[in-house]
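Below is one structure; the comments refer to it alone.
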Amino acid sequence: MLSAPYYDDRKMCVCPGPRRIGIPVRSSSLPLFSDAMPAPTQLFFPLIRNCELSRIYGTACYCHHKHLCCSSSYIPQSRLRYTPHPAYATFCRPKENWWQYTQGRRYASTPQKFYLTPPQVNSILKANEYSFKVPEFDGKNVSSVLGFDSNQLPANAPIEDRRSAATCLQTRGMLLGVFDGHAGCACSQAVSERLFYYIAVSLLPHETLLEIENAVESGRALLPILQWHKHPNDYFSKEASKLYFNSLRTYWQELIDLNTGESADIDVKEALINAFKRLDNDISLEAQVGDPNSFLNYLVLRVAFSGATACVAHVDGVDLHVANTGDSRAMLGVQEEDGSWSAVTLSNDHNAQNERELERLKLEHPKNEAKSVVKQDRLLGLLMPFRAFGDVKFKWSIDLQKRVIESGPDQLNDNEYTKFIPPNYHTPPYLTAEPEVTYHRLRPQDKFLVLATDGLWETMHRQDVVRIVGEYLTGMHRQQPIAVGGYKVTLGQMHGLLTERRAKMSSVFEDQNAATHLIRHAVGNNEFGTVDHERLSKMLSLPEELARMYRDDITIIVVQFNSHVVGAYQNQE
């Protein structure tokens with residue numbers, strides 16, 4: 001059951017149960033903060049109880065920065081990737097005489113229940129699902145990847161997560177990645193479009209780079225570098241394509257100049273690191289230089305001032321590399337000899353729970369900043385991930401920030417967030433996009449890889465994630481005994497659980513996508529580890545103002561490996 005939100009007069013905010021909630025803004029680009037007035041408990045409580053908060057609050061408040069599409073939301077500080085400074089911790093001013101909009105309305109004294117039907121639940125869960133099956137032959141060799149399933153479930157509006165998947169055409173292998181944005185979706189969108197091109201170029205041999213450059217010089221058609229596998233909702237920014245191409249071309253020209261032409265094996269780990277760092281550098285440089293086109297000029301600034309984490313996998317035969325920047329995760333599903341499932345972590349979170357990251361940050365700055373560089377488990381007391389793309393407020397000098405803002409468009413110059421300098425900001429940069437790369441040689445028992453943003457890992461333990469996916473892929477989720485986890489279960493409750501399982505075997509409940517199946521469990525699991533339709537319906541029915549209080553955006557890619565091909569690689573050695 002969901003804990004009922006309540007209005008706390010002392011904190012002047014709406015709280016779900018005992019958790020402390022801040023009142024930040026959510027926008028499609030950069031967050032803005034201004035003053036807010038408290039509202040009486042007797043007004044807000046019935047609004048929330050009857051699911052009418054958005055209808056009344058949208059009428060009673062107005063936004064000072066409508067060009068940034070602000071919308072109201074109440075979000076726990078613990079779930080915010082970026083915590084606003086107290087000076088900008090509230091988001092809108094009530095209209096004058098706002099109470100007049102509440103007159104003449106009566107509210108029921110008892111909660112009203114609204115449940116989505118199973119088809120409605122499925123419609124929401126499956127709206128963004130995508131599946132790709134690799135052909136048996138890819139023109140060169142049998143692939144070690146059978147295919148992948150992906151899906152997204154938004155909590156923010158618009159969703160700040162992104163995903164990408166592509167096959168490398170000029171080299172071997174497949175690229176898959178999830179990207180978690182914060183302070184808007186601009187940076188995650190740009191990184192999801194561009195990063196794979198930078199990686200693919202970094203992996204190209206010298207001769208192929210020369211061919212591509214000569215084709216551009218002579219105006220001939222370019223060799224295709226990537227074959228994208230995209231859901232219709234996964235779009236590209238056409239307006240910025242020329243700008244992005246020019247930056248990419250400058251990168252491969254530098255690679256040509258640096259390479260002597262001698263044939264040498266390309267180090268995948270080094271290529272991944274160079275691609276991440278170079279893209280982040282280009283994002284920063286494009287924002288500093290600007291663009292004559294006012295739309296593009298504002299776009300590159302939005303990309304630079306927002307941020308994104310990235311977790312990318314490169315699979316080539318039995319060679320699996322995972323490059324991670326931030327707190328998304330890569331988890332390998334391994335099937336043991338007895339048929340059980342175990343999880344192998346292939347990435348490390350770059351946050352305050354990682355002692356090595358804390359030590360790295362402290363070593364990169366003077367000793368007198370040891371107590372201020374990380375406060376309340378956040379970078380400078382504000383940012384949760386310690387590595388990210390964009391976020392130039394944690395990378396540029398104060399002088400550079402002021403110069404870019406003053407010479408930028410009015411939307412940026414009027415934005416209190418962009419003008420705000422983080423506290424104890426003495427020796428930037430405090431943030432890096434350099435990834436931590438992990439290598440794993442695939443074995444026949446390695447059945448699948450889960451790439452997911454932190455919205456999944458906040459709700460589920462890694463072992464449960466691997467078990468649910470493993471049982472789904474093998475069909476064992478229909479046969480496993482129901483575990484009650486030490487709870488005292490009556491005969492009637494057990495009968496209900498068994499009846500629910502039988503119902504799930506019908507086509508209306510059966511998922512055709514592993515990522516969808518995992519999201520269904522992440523949002524709807526009860527204390528017995530089974531999906532509770534009533535809970536799932538409630539969670540999916542939450543209005544935008546409340547959804548972010550209970551969970552984050554969830555983006556998942558499940559990559560299934562071809563055990564026969566992986567085993568054949570081993571036999572050849």
Side-chain angles (χ1 to χ4, degrees), residues 137-145 164-177 190-229 236 240-286 310 312-325 389 432-442 569 572:
F137 294 95
D138 61 8
K140 298 177 183 178
N141 63 295
V142 178
S143 176
S144 59
V145 176
S164 292
T167 300
C168 299
L169 297 178
Q170 300 305 317
T171 58
R172 299 178 304 176
M174 179 176 283
L175 288 164
L176 307 106
V191 174
S192 70
E193 294 181 32
R194 306 177 66 182
L195 181 57
F196 284 10
Y197 281 114
Y198 280 72
I199 294 173
V201 165
S202 301
L203 293 170
L204 290 177
H206 184 260
E207 297 77 13
T208 306
L209 289 174
L210 283 174
E211 288 180 31
I212 294 175
E213 176 60 22
N214 291 334
V216 175
E217 281 288 338
S218 60
R220 292 184 284 111
L222 291 177
L223 293 169
I225 298 176
L226 295 172
Q227 178 188 356
W228 291 94
H229 311 299
F236 278 101
S241 58
K242 184 177 180 181
L243 171 68
Y244 292 169
F245 176 80
N246 290 337
S247 295
L248 181 66
R249 184 185 181 188
T250 302
Y251 178 44
W252 79 53
Q253 287 173 337
E254 293 180 12
L255 290 176
I256 292 173
D257 294 339
L258 291 172
N259 197 319
T260 59
E262 299 176 1
S263 59
D265 292 335
I266 295 175
D267 187 326
V268 177
K269 178 179 180 179
E270 183 180 353
L272 289 168
I273 293 174
N274 290 341
F276 273 61
K277 293 170 66 176
R278 179 54 183 252
L279 174 57
D280 190 56
N281 182 73
D282 284 352
I283 288 173
S284 174
L285 187 61
E286 289 161 3
V312 172
H314 178 264
V315 189
D316 180 8
V318 293
D319 296 320
L320 170 62
H321 290 83
V322 174
N324 184 55
T325 290
F389 286 90
T432 179
E434 180 174 344
E436 186 175 6
V437 180
T438 304
Y439 172 75
H440 178 81
R441 185 173 178 81
L442 291 175
Y569 273 99
Q572 292 174 3

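Since we're looking at a predicted model, the values are computed, not measured.
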Between [Y] and [X], is there a side-chain heavy-atom distance shorter than 4.5 Å?
| X | Y | answer |
| --- | --- | --- |
| Ser202 | Arg278 | no |
| Glu434 | Asp280 | no |
| Asp282 | Tyr198 | yes |
| Val191 | Leu279 | yes |
| Ile212 | Leu204 | yes |
| His206 | Ile256 | yes |
| Val312 | Leu195 | yes |
| Asn274 | Tyr251 | yes |

### Ring geometry between Phe196 and Trp228 (parallel below 30°, tilted from 30 to 60°, perpendicular above 60°)
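Trp228 vs Phe196 ring planes: parallel.
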
Measuring from [X]:[atom1] to [Y]:[atom2], what's the distance to the nearest 0.5 Å?
| X | Y | atom1 | atom2 | result |
| --- | --- | --- | --- | --- |
| Tyr569 | Asp319 | OH | CG | 8.5 Å |
| Leu272 | Leu175 | CG | CG | 7.5 Å |
| Leu223 | Ile225 | CG | CD1 | 8.0 Å |
| Ser143 | Arg172 | OG | CZ | 11.0 Å |
| Cys168 | Asp316 | SG | CG | 8.5 Å |
| Leu248 | Ser241 | CG | OG | 12.0 Å |

### Selection residues 241-250 - residue pairs positive for salt bridge (Lys or Arg N to Asp or Glu O under 4.0 Å), sequence neighbours left out
Glu213-Arg249, Glu217-Arg249

### Task
Please say which of Leu203, Leu176, Val322 ends up in a side-chain contact (heavy atoms from CB on, under 4.5 Å) with His314.
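The passing option is Leu203.
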
Which atom pair, heavy atoms only, marks the closest approach of [X] to [Y]?
| X | Y | result |
| --- | --- | --- |
| Ser247 | Glu286 | OG-OE2, 2.6 Å |
| His229 | Met174 | NE2-CE, 4.2 Å |
| Val315 | Ser144 | CG1-OG, 3.8 Å |
| Ile266 | Ala271 | CG2-CB, 4.4 Å |
| Ala200 | Leu226 | CB-CD2, 3.9 Å |
| Leu442 | Gly317 | CD1-O, 3.7 Å |

### Task
Given side-chain contact (heavy atoms from CB on, under 4.5 Å), test Ile273 with Val437 step by step and report yes or no.
CA-CA 8 Å; Ile273 293 174; Val437 180; 3.8 Å; yes

### Query
Can the ring centroids of Phe389 and Phe276 be said to lie less than 6.0 angstrom from one another?
yes

### Task
Ignoring hydrogens and angles, tell me if any N or O in the side chain of Ser164 forms a donor-acceptor pair with the backbone of Gly177 under 3.5 Å.
no

